[in-house]
Protein chains: 2
Amino acid sequence: MGETEEREFLAAREDVVKKVLEQQPDDEILYDLAELFKVFGDSTRIKILYSMFETELCVNDIAKLLNLSQSSVSHQLRILKSSKLVKFRREGKSIFYSLDDEHVRAIISMGMEHVEE
Amino acid sequence: MGETEEREFLAAREDVVKKVLEQQPDDEILYDLAELFKVFGDSTRIKILYSMFETELCVNDIAKLLNLSQSSVSHQLRILKSSKLVKFRREGKSIFYSLDDEHVRAIISMGMEHVEE
DNA sequence: TATACATATGAACAAATAAACATATGTTTA
DNA sequence: TAAACATATGTTTATTTGTTCATATGTATA
């Protein structure tokens with residue numbers, strides 16, 4: 001590469017960088033996005049989410065099903081609740097949890113496709 | 001709830017748990033799925049991925065763009081490579097990275113939709 | 001209203017990991 | 001082939017976070 005080409009190359013890269021920077025969403029949004037994926041990024045939580053793919057479950061069900069302590073399940077459900085990934089309803093002494101919406105199912109399914117490649 | 005109802009309730013829960021257990025993918029797959037999302041679950045990596053949404057970029061571009069050290073970018077790209085989220089090609093001294101496939105874009109987009117609600 | 005059952009919460013500890021710094025590898029060109 | 005540039009890798013450190021144990025809250029029933 002001659003000197004002229006070199007300069008042109010660098011200028012072109014600068015342009016690209018500038019353009020990308022303009023299109024990039026605010027840091028705050030990307031931070032939230034990372035936080036969202038972080039919630040999916042733990043095997044216990046993924047197991048919990050997946051177990052609710054077809055049906056609602058109460059805390060005790062999940063604990064037995066996945067062989068986890070009640071405390072651990074409850075802690076993780078708290079995180080899933082605060083990220084709006086699950087919703088819940090009380091029925092007597094039990095509280096039934098289920099996936100919050102189709103987004104959650106879609107995100108998991110997309111991930112599955114990538115993993116199963 | 002009477003004693004009979006109580007027994008029926010417990011039996012019904014057991015059935016549900018058993019059914020879910022049968023449908024649940026192997027632990028290994030769910031573990032891989034969590035590992036995949038974990039990669040998306042870091043704000044630096046998400047920023048890097050997002051910056052490549054429209055165009056390929058070399059390491060230096062990304063470092064300047066996101067105001068990160070070359071080392072940090074390189075470390076994160078290694079993780080993105082090994083998860084098959086990005087691909088790369090060499091051109092002279094530079095190495096250009098880009099999103100590996102449409103899955104990656106789809107997963108990010110789905111997450112964005114959830115975040116922007 | 002006392003007891004049992006279901007779930008939630010708080011605190012402490014151990015494991016995982018992102019960033020920084022130093023250095024190594026690989027590529028081009030003078 | 002030596003120097004400059006671009007990227008990769010190894011190591012240490014500070015921070016984050018999942019689990020456990022103990023305990024609290026909330027609900028139903030005898």
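Applying the 5.5 angstrom centroid cut-off and the 30 degree plane-angle cut-off, the aromatic ring of A/His75 is not stacked upon the base of D/dT19.
Rounded to whole angstrom, the span from the CG atom of A/Leu77 across to the C1' atom of C/dA6 amounts to 13 Å. Following rounding to the nearest Å, A/Asp61 (CG) and C/dC5 (C1') show an atom-to-atom distance of 14 Å. The distance between atom CG of B/Leu68 and atom C1' of C/dA20, rounded to the nearest whole Å, is 12 Å. Atoms CD1 (B/Ile62) and C1' (D/dA8) sit 14 Å apart, rounded to a whole Å. The NZ atom of B/Lys64 sits 8 Å away from the P atom of D/dA6 (whole-angstrom rounding). The nearest whole Å value for the distance from the CZ atom in A/Arg78 to the P atom in C/dA6 is 22 Å. Atoms CD1 (B/Ile48) and C1' (C/dA19) sit 12 Å apart, rounded to a whole Å. Distance B/Leu80 CG to D/dA8 C1': 15 Å, rounded to the nearest Å.
Using Watson-Crick or G-U wobble geometry with both donor-acceptor distances under 3.5 Å, D/dC21 finds its partner in C/dG10.
Of the candidates C/dT7, D/dA8, C/dA18, the closest approach to any side-chain atom of B/Ile95 belongs to D/dA8. Side chain of B/Ser69, nearest nucleotide from D/dG18, D/dA6, C/dA20: C/dA20. The nucleotide whose nearest atom lies closest to any side-chain atom of B/Val59 is, among C/dA20, C/dG26, D/dT7, D/dT7.
A salt bridge does not link B/Glu117 with A/Lys84: none of the charged nitrogens is closer than 4.0 Å to a carboxylate oxygen. Here A/Asp27 pairs with B/Lys47 in a salt bridge; the nearest charged N to carboxylate O distance falls below 4.0 Å. Under 4.0 Å is where a charged nitrogen must lie from a carboxylate oxygen, and between B/Glu22 and B/Lys19 no such pair does.
Phosphate contact (OP1/OP2 of C/dA18, side-chain N/O of B/Arg45, threshold under 4.0 Å): present. Contact annotation: A/Lys38 side-chain N/O to D/dT16 OP1/OP2 distance is not under 4.0 Å. Between A/Arg90 and the phosphate of C/dA6, there is no side-chain N or O to OP1/OP2 separation shorter than 4.0 Å. For D/dT19, one of the phosphate oxygens OP1 or OP2 lies less than 4.0 angstrom from a side-chain nitrogen or oxygen of A/Thr44.
B/Arg45 places no side-chain N or O within donor-acceptor distance of the main-chain N or O of B/Phe40, the cut-off being under 3.5 Å. Looking only at distances, a side-chain donor or acceptor of A/Ser51 sits under 3.5 Å from a matching main-chain atom of A/Ile48.
At a cut-off of 3.5 angstrom, counting only N and O atoms as typed in the model, there is no donor on one side facing an acceptor on the other between the side-chain of B/Gln76 and the base of C/dA18. Side-chain atoms of A/Gln70 and base atoms of C/dA6 include no donor and acceptor less than 3.5 Å apart.
Within 4.0 Å of A/Ser71, counting heavy atoms only, lies at least one base atom of the nucleic acid. Residue contacts shown for B/Ile79 are limited to sugar-phosphate atoms, with no base heavy atom under 4.0 Å away. Contact annotation for A/Ser94: backbone-only contact, meaning every heavy-atom pair under 4.0 Å involves sugar-phosphate atoms and none involves a base. Among the protein residues, A/Tyr97 comes within range of the sugar-phosphate backbone only, with heavy atoms under 4.0 Å from sugar or phosphate atoms but none that close to a base.
Shortest non-hydrogen contact noted between A/Leu85 and A/Val104 is O-CG2, 3.7 Å.
Each of A/Lys93 and A/Ser72 lies near DNA chain C, and the nucleotide nearest A/Lys93 is the one positioned closer to the 5' end.
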